[in-house]
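Each chain gets a letter, A, B and so on, in the order the sequences are listed, and its residues count up from 1.
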Amino acid sequence: MNKEKNNKPSKELPLGFVDRKEKELLIRDFIISKIKEVMIKYGFQYLETPSFEYSDSIGKFLPDKERPDEGVFSFKDENKWLSLRYDLTAPLARYVAKNYLEIPKPFKRYQLGTVWRNEKPGPGRFREFLQFDADYVGTKSLQADAELCVMISEILEKCGLSKSEYIIKISSRKITEELFKKLNLKDNQQKLTALRALDKIDRLGWSSVKELLGEGRKDKSGDFTKGANLTSQNIEVLERELNKKSPETQDLLEILKIFKDYNFDNFEFDPSVIRGLEYYTGVIFEVNLNFEVKNNKGQAVQFGSIGGGGRYDNLINNFGNYDAPATGISIGLDRLVYALMQKKEFKLKQSKPIVICVFDKKSMKEYIGLQSILRKAGISTEIYPGENKLKKQMEYANKIKSPAVILYGENEIKSGKPTLRELRSGKEKAIEIKELVNEIKKII
RNA sequence: GCAGCAGUAGCUCAGUUGGUUAGAGCACUAGUUUGUGGAACUAGGGGUCGGUGGUUCGAAUCCACCCUGCUGUACCA
């Protein structure tokens, strides 16, 4: 505010962008370490692609408007549009097409990376976030799809979730595909609207979804959404068919069998799982958390899934004639962290530094001596940055949650025994330098 | 994008039917005789009351438009 008047730069962040603090980052690092561990065990290759791609390489539609399709951040560079990637699947497809002759087939890769979406943010949902993707390219075998599900649940459990706290929901695009054929729906737009409506069963329930399949629906705020305009008979058929409790399509029957061989049972067949993306062609899955997530005001909030994926046998073909059926999964890491932070107490070693107080600049040599002894022992240590009163130095140590300060003033230097003051209890005692490391290890 | 609600210090808010130099708590800074934090006490900094225009002798308070945030909804290739 008043930017022009006082001419100061804004300290506000752009909508949907956030500063991430240490606690969150440590949990994220922990999750990433688990992911890598599991990925190596499952034999996936690690890949990184750039943040920017040519807009036409990562979108199905070429940007022919003033700006490339809404939803991405783009700019024009020497007459070519560049976009920040909005997911990791599109860059993978581009990568496979570009390196088709060299890569092994099938090609298994995993990737961690920031993606950007120019959309409205929500709780735990930002415009810049970290995604984890694992994909199998070049095989139609449903064993690949099954393994992705098994693998993702292993990761979640390694992150501390129990079986009852998450579930993999599974379905297939073939179900709706066959249904639409049966109902003789031809209009692509109508089919798409219907799919999107069906995708909301979880959140809105059947009665609202039926409105969306028909003429439309008015939401709580009074806003009206146009529907797919299906006939009421067709809506009835959809509801009946999609309420079936057991799968009938070939692919699902097969993957269920594979799950059994894996001894994997933390999944649930749910024909209402649709997933918005158009490019899916077969089995689809979604990772859902079974506990309530709250926003920073403590209100429970619609959180949705933390990730999902499925089979996309035609996507890579967009780049040319490649025989590259594929299946993949992606997890929104920041969303997972957001949820996990509420659910779990993480005992993360934050190892805040021991602070060596500065009494007199002239004794800097002694301070540095102590500091290097401690650092050599692997103990996080710092000499108080500055020359303030002791009181200020103590306040500083307290603020950064240092476990202890070392007082090494005139008296201590004379006796050769620094005073170690533990900050939690306030206890302090004089300690021989050679005992210092051991004493400190007791309290951190 | 659409809809509902909201916008007063860094944070959480109070501010009576429009009336003089706009308040509190927390946080922050300095101090309480200077080698000691998390408690207490004292003092202090910080807001043109989201913006612009209007009504009025007078507006944080009323009106219009805009901006921003929250929630829902849509979109999310």
*Between B:rG35 (P) and A:K429 (NZ): distance, integer Å*: 25 Å
_Interatomic distance where NZ belongs to A:K389 and P belongs to B:rG37 [whole Å]_ = 12 Å
_Counting the atoms with a prime plus P, OP1 and OP2 as sugar-phosphate, which does A:E410 contact under 4.0 Å by heavy atoms, base, sugar-phosphate, or nothing?_
base
_With a 3.5 Å cut-off and heavy atoms only, can you find an N or O donor on one side and an acceptor on the other between the side chain of A:K392 and the base of B:rU36?_
no
*Considering only the P atoms, how many Å lie between B:rA22 and B:rG47, rounded to the nearest integer?*
12 Å
*asked:* Partner lookup for B:rC2, please. Criteria are Watson-Crick or G-U wobble with both distances under 3.5 angstrom; report none if nothing qualifies.
replied: B:rG72
_Between B:rG72 and B:rG53 - P atom distance, rounded Å_ = 36 Å
*Is there a Watson-Crick or G-U wobble partner for B:rA9 with both distances under 3.5 Å, and if so, which one is it?*
none
_My understanding is that a pair needs two contacts under 3.5 Å, Watson-Crick or G-U wobble. By that rule, which nucleotide pairs with B:rC41?_
B:rG31
*Interatomic distance at P, B:rA6 relative to B:rC76, whole Å*: 32 Å
*Hey, is A:D145 close enough to A:R311 for a salt bridge, meaning N to O under 4.0 Å?*
yes
*asked:* So, applying side chain to side chain contact (heavy atoms under 4.5 Å, CB included) with A:I406, which one of A:V355, A:I440, A:T419 is it?
replied: A:I440
_Check: A:R421 side chain, B:rG37 base, donor-acceptor under 3.5 Å_ = yes
*If you round to the nearest 0.5 Å, how far is CD1 of A:I27 from CG of A:D334?*
11.5 Å
_For A:F73 and A:Y86: C-alpha separation, side-chain torsions, deciding distance, then whether ring pair (Phe, Tyr, Trp, His ring centres under 6.0 Å) applies._
CA-CA 9 Å; A:F73 294 100; A:Y86 55 84; over 10 Å; no
*Less than 3.5 Å between a donor and an acceptor, one on the side chain of A:K401 and one on the base of B:rG38, is that the case here?*
no
*Between the side-chain atoms of A:E395 and the base atoms of B:rU36, is any donor-acceptor pair under 3.5 Å?*
no
*In whole angstroms, how far is the C1' atom of B:rC76 from the CD atom of A:E128?*
17 Å
*Name the orientation class of the two ring planes belonging to A:F107 and A:Y95 (parallel below 30°, tilted from 30 to 60°, perpendicular beyond 60°).*
parallel
*State which of B:rU36, B:rU71, B:rC75 makes the closest approach to the side chain of A:K120.*
B:rU71
_C1' spacing across the pair B:rG18 / B:rG58, given as an integer number of angstrom_ = 8 Å
*Upstream residue (5' side of RNA chain B) when A:W116 and A:G426 are each assigned their closest nucleotide*: A:G426
*Distance check: side-chain N/O of A:K218 vs OP1/OP2 of B:rG4, anything under 4.0 Å?*
no
*Decide whether a cation-pi geometry holds between A:K218 and A:F224; the criteria are a distance under 6.0 Å from NZ or CZ to the six-membered ring centre and an angle within 45° of the ring axis.*
no
_Distance check, C1' atoms only: B:rG10 and B:rA3, in whole angstrom units._
32 Å
*Specify the separation, in whole Å, of atom CG of A:L192 and atom P of B:rC75.*
9 Å
*Considering only side-chain heavy atoms of A:K391, which listed nucleotide, B:rC75, B:rU32, B:rU73, is closest?*
B:rU32
*In whole angstroms, how far is the C1' atom of B:rG1 from the CZ atom of A:F224?*
16 Å
*asked:* Taking donor-acceptor contacts at under 3.5 Å, does the side chain of A:N398 reach the base of B:rG37?
replied: yes
*Whole-Å gap separating P (B:rC26) and NZ (A:K399)*: 15 Å
*Nearest-Å distance once atom C1' is located in both B:rU55 and B:rC75*: 42 Å
*Can you figure out which of B:rC75, B:rU73, B:rG37 approaches the side chain of A:T225 most closely?*
B:rU73
*Does a distance-only test, which skips hydrogens and angles, find a donor-acceptor pair under 3.5 Å between the side chain of A:E412 and the base of B:rG35?*
yes
*What is the distance, rounded to the nearest whole Å, between atom OH of A:Y396 and atom C1' of B:rC28?*
18 Å
*Return the nearest nucleotide to the side chain of A:R196; candidates are B:rG31, B:rG35, B:rC76.*
B:rC76
*Spacing of the C1' atoms in B:rG46 and B:rA9 (rounded, Å)*: 6 Å
*May I ask which nucleotide in the shown strands pairs with B:rA64, Watson-Crick or G-U wobble, both distances under 3.5 Å?*
B:rU52
*Give the rounded distance in Å between these two atoms: CZ of A:R203 and C1' of B:rC76.*
12 Å
*Give A:N411 one of three labels, base, sugar-phosphate or nothing, depending on what nucleic acid heavy atoms sit under 4.0 Å from its own.*
base
*Pairwise C1' distance, B:rC49 and B:rA40 [rounded to whole Å]*: 33 Å
*For the side chain to side chain contact (heavy atoms under 4.5 Å, CB included) test, which of A:I306, A:I167, A:L340 pairs with A:L289?*
A:I306
*Identify, between A:L212 and A:E428, the residue whose nearest nucleotide on RNA chain B lies closer to the 5' end.*
A:E428
*Hey, does the Lys NZ or Arg CZ of A:K105 hover above the aromatic six-ring of A:Y100, less than 6.0 Å from the centre and inside 45° of the axis?*
yes
